[in-house]
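These notes are about the structure you will find just below.
All ligand and atom numbering here is 1-based and tracks the order in the structure. Owing to the predicted nature of the structure, the values given are computational and were not obtained by experimental measurement.
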Amino acid sequence: MDMTTDTKLEVTDGFHLVIDALKLNGIDMIFSLPGIPITDLTRMAQAAGMRVICFRHEQNAGNAAAIAGFLTQKPGICLTVSAPGFLNGLTALANATTNCFPMILISGSSEREIVDLQQGDYEEMDQLAIAKPLCKAAFRVLHAEDIGVGIARAIRAAVSGRPGGVYLDLPAKLFAQTLDADTGKNSLIKVVDPAPRQIPAPEAVQRAVDLLKSAKRPLIVLGKGAAYAQADSDIRSLIERSGIPYLPMSMAKGLLPDTHEQSAAAARSYVLPEADVVVLIGARLNWLLSHGKGKTWGGKESKAWGGQKFIQIDISPQEPDSNVRIDAPLIGDIGSCVSALLAAVNTNWPKPPSEWLSAIAERKNKNIGKMGETLAKNPTPMNFHSALNVVRDIIKTNPDAILVNEGANALDFTRSIVDMYKPRKRLDVGTWGIMGIGMGYCVAAALVTGEQVIAVEGDSAFGFSGMEVETICRYDLPVCIVIFNNNGVYKGTDANPTGKSDPAPTAFIKGARYDKLIEAFGGVGVHAATPAELRNAMEEAIRSRKPTLINAVIDESAGTESGRITSLNPSAKKK
Ligand code: ADP
Ligand code: TPW
């Protein structure tokens, strides 16, 4: 029976209105974990033809929703139970907001009268108040006739302007409230133009064009906002027609193929301090870009500004000047801003001086040559480089595959070694460098794109969401998880200085067999101690599209504390 169109009853209720409102807005997938008061909502949503993907922990469902939002520009929906389920989902909501991914966390909640008097209800918590500071907007719906407005407001808040996380509180009592079917239907809203284009002002475009024209050593930095915006061909045209070298941030890799001759990624430490005009496209000058100042940018000391001028393309009018002066803010959606620039960058655009381009090419070729030598080595046990040499080849022959990546060394080395060839194919720890996104991102990426997913996971990173291998097997998803197993957080070599039996804080069980874990759920587990074994296993996983977990044994002394951000660890004054 189609529960959404039961005309005989001529009444509808809160459950059905929530489902109808989501479907009306083209939302056909929910990431969830059932329980009171939302179990029936998950059942009815499935009965109404939605895909209801259920996880083993809400944080992973939330991460799945967030990355579905990034990949599709539609808000990903995470549905949880009250208090503890809500709190488990909240980390993902906050992370989505930090990363500018659109998602909606919908949580059931307990009885308002009891919560507000703090009388101790089942899973009592003032969820709306707790969510508010951690997301872009938070709403509660108390009456069934307001469900349409509630969902419409949540969708607009998530995807318009700078995208982000939205919380929607649905008290248990709402679901059973009834309305006559016609009134219910008329109360729903199909959101018109949820993420309206925002056209940049002509004078702002002119200011940016004039500054760019004056540049002797221009550089474009592409951030994940540029990947999100899906303005791929205009961004590529802007770069190719202007001839300006570019640097992709981690999740912007592949917007143009990493092998593109204008990519300055392999000369990053040369171009950042040397550039005179930098165009930021959907990238914030946060810690990942050293706040736009200090030695990285040619400043004399850690807080000193370099000499560059910045053009910043961003949808948020508050983003410019957050760290250093932005000389030409270009506020609008990336598609509109880039096409406005493109109109100016026509055939008589002056190409950047050849001294600049050849100086970059020289550094780049030297570094690529050095990397080639390192990758060609074949040490026993494997190190990050020899294992990633395999992953690099696999992605090259499977450029449509989506690469999910988390860890410290496992993250940094993968980012720099594995070339990406297409937009939105690399999904990682993002702005926070958060561990635990791995399996949630894998599930959503496989479901919303239908493509093969490859996850490169540090052994510690994997542990945060590892139980979702059951989910991957349950939905039979084409996910190949490669665990870089070096026996610990960062390295596996630390010892307890007291000599007592407790392991060191960063040490795990040595020689753990993560491959056995997936076998418990009917997936394929492989133990790979050599690059050849790793290659065979990955090729077979892609050929079969079966859920696969490869335990890749990595030298436990390889890598560094925190990967490339060792210097962010505070050091004790008292030794
Ligand atoms: P990265 O980590 O890759 O450097 P950030 O997450 O720091 O990227 O920056 C992304 C930026 O992109 C944010 O400032 C956000 O406001 C902006 N942004 C996201 N979507 C759009 C869009 N469609 N148009 C313009 N700017 C956008
Ligand atoms: C939610 C701190 C950063 S990286 C990392 C931790 C615990 C794991 C590094 O070990 P791994 O990788 O994955 O084995 P590798 O290649 O270096 O051996 N909790 C959260 N987020 C973060 N970032 C941490 C802790 C951390």
Side-chain angles (χ1 to χ4, degrees), residues 59 63 70 73 91-92 95 97-102 136 159-164 195-198 200 221-231 247-253 255 280-289 312-320 322 330-338 383-384 387-388 405-414 426 428-438 456-465 483-493 505-508 552 554-566 568-569:
Q59 190 176 121
N63 285 325
F70 170 76
Q73 297 182 325
T91 305
N95 186 56
T97 308
T98 299
N99 282 282
C100 317
F101 299 158
K136 203 180 154 190
V159 297
S160 64
R162 170 181 282 176
R197 291 174 63 198
Q198 297 192 19
V221 176
L222 300 174
K224 62 171 119 64
Y228 174 78
Q230 299 192 16
L247 206 57
M249 299 300 287
S250 191
M251 281 177 62
K253 275 166 67 79
L255 217 41
L280 302 163
I281 308 185
R284 287 169 287 187
L285 283 177
N286 57 17
W287 71 281
L288 287 160
L289 280 169
Q312 183 160 34
I313 301 182
D314 206 289
I315 203 154
S316 164
Q318 296 182 36
E319 186 54 36
S322 53
L330 193 50
I331 301 306
D333 69 277
I334 286 170
S336 301
C337 293
V338 169
N383 61 11
F384 289 99
L388 283 168
N405 189 200
E406 61 179 335
N409 296 282
L411 177 90
D412 294 335
F413 285 124
T414 306
R426 186 185 153 83
D428 67 26
V429 300
T431 304
W432 268 348
I434 192 172
M435 297 298 113
I437 48 85
V456 173
E457 300 271 316
D459 49 336
S460 164
F462 172 73
F464 289 73
S465 66
I483 297 188
F484 279 10
N485 187 358
N486 61 350
N487 299 341
V489 177
Y490 317 132
K491 299 186 193 196
T493 45
T506 60
F508 290 160
I554 304 289
D555 182 352
E556 66 173 4
S557 68
T560 57
E561 183 99 348
S562 306
R564 291 183 66 170
I565 52 175
T566 309
L568 298 186
N569 284 293

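Ligand 1 lies within reach of C100, whose nearest heavy atom is under 4.0 Å from it. The closest approach between A195 and ligand 1 stays at or above 4.0 Å for every heavy atom of the residue. At least one heavy atom of F384 sits less than 4.0 Å from an atom of ligand 2.
Listed by atom number, the atoms of ligand 1 under 4.0 Å from Y228 heavy atoms are 20 (N). Which parts of ligand 1 touch G223 is read off a 4.0 Å heavy-atom cut-off, strictly below it: atoms 3 (O). Residue V489 has at least one heavy-atom neighbour below 4.0 Å for each of these atoms of ligand 2: 7 (C), 8 (C), 9 (C), 10 (O).
Just one of L411, N409, N383, L388 meets the side chain to side chain contact (heavy atoms under 4.5 Å, CB included) condition when paired with F484; it is L388.
The nearest heavy-atom contact from the protein to atom 12 (O) of ligand 2 is A408 N, 3.3 Å. Residue, atom and distance of the protein heavy atom nearest to atom 14 (O) of ligand 1 are D314 OD2, 2.5 Å. Closest to atom 24 (C) of ligand 2 among all protein heavy atoms lies M435 CG, 4.0 Å. Scanning the protein heavy atoms around atom 25 (C) of ligand 2, the nearest turns out to be F464 CZ, 4.1 Å. If you check which protein heavy atom lies closest to atom 7 (O) of ligand 1, you get R284 NE, 2.9 Å. The closest protein non-hydrogen atom to atom 13 (O) of ligand 2 is A461 N, 2.9 Å. Atom 18 (O) of ligand 2 has its closest protein heavy atom at Y490 O, 2.6 Å. Atom 23 (N) of ligand 2 has as its closest protein heavy atom G433 O, 2.8 Å. Scanning all protein heavy atoms for the shortest distance to atom 14 (O) of ligand 2 gives D459 OD1, 2.6 Å. Scanning the protein for heavy atoms near atom 8 (C) of ligand 2, the closest one is S460 OG, 3.3 Å.
With distances taken over non-hydrogen atoms, the option nearest atom 12 (O) of ligand 1 out of S160, G225, G164, S322 is G225.
Backbone and side-chain nitrogen or oxygen atoms of K224 are examined, and one is located within less than 3.5 angstrom of a nitrogen or oxygen of ligand 1. Residue-to-ligand polar distances place N486 within reach of ligand 2: an N/O pair is separated by less than 3.5 Å. Checking only distances, I334 does come within under 3.5 Å of ligand 1, N or O to N or O. Note: an N/O pair closer than 3.5 Å links I315 and ligand 1 by distance alone. An N or O contact shorter than 3.5 Å is missing between N99 and ligand 1 by distance. On a distance-only criterion, G488 and ligand 2 share at least one N/O pair closer than 3.5 Å. The shortest N/O to N/O separation between D333 and ligand 1 does not fall below 3.5 Å.
Taking CD1 from I437 and CD from Q59, the interatomic distance works out to 10.5 Å, rounded to the nearest 0.5 Å. From D314, atom CG reaches atom CZ of R284 across 8.0 Å, with rounding to the nearest 0.5 Å. One distance of note links OG1 of T91 with CH2 of W432; it measures 7.5 Å at 0.5 Å rounding.
At a heavy-atom cutoff of 4.0 Å, ligand 1 is contacted by the side chain of N286 but not by its backbone. Counting heavy atoms closer than 4.0 Å to ligand 1, residue M249 contributes side-chain atoms (C-beta onward) but none from N, CA, C or O. Proximity of N409 to ligand 2, defined as any heavy-atom pair under 4.0 Å, is shared by backbone and side chain alike.
With sequence neighbours excluded, the residues that form a side-chain contact (heavy atoms from CB on, under 4.5 Å) with N486 are F384, D459, I554. Residues passing the salt bridge (Lys or Arg N to Asp or Glu O under 4.0 Å) test with K253 are D258, sequence neighbours excluded.
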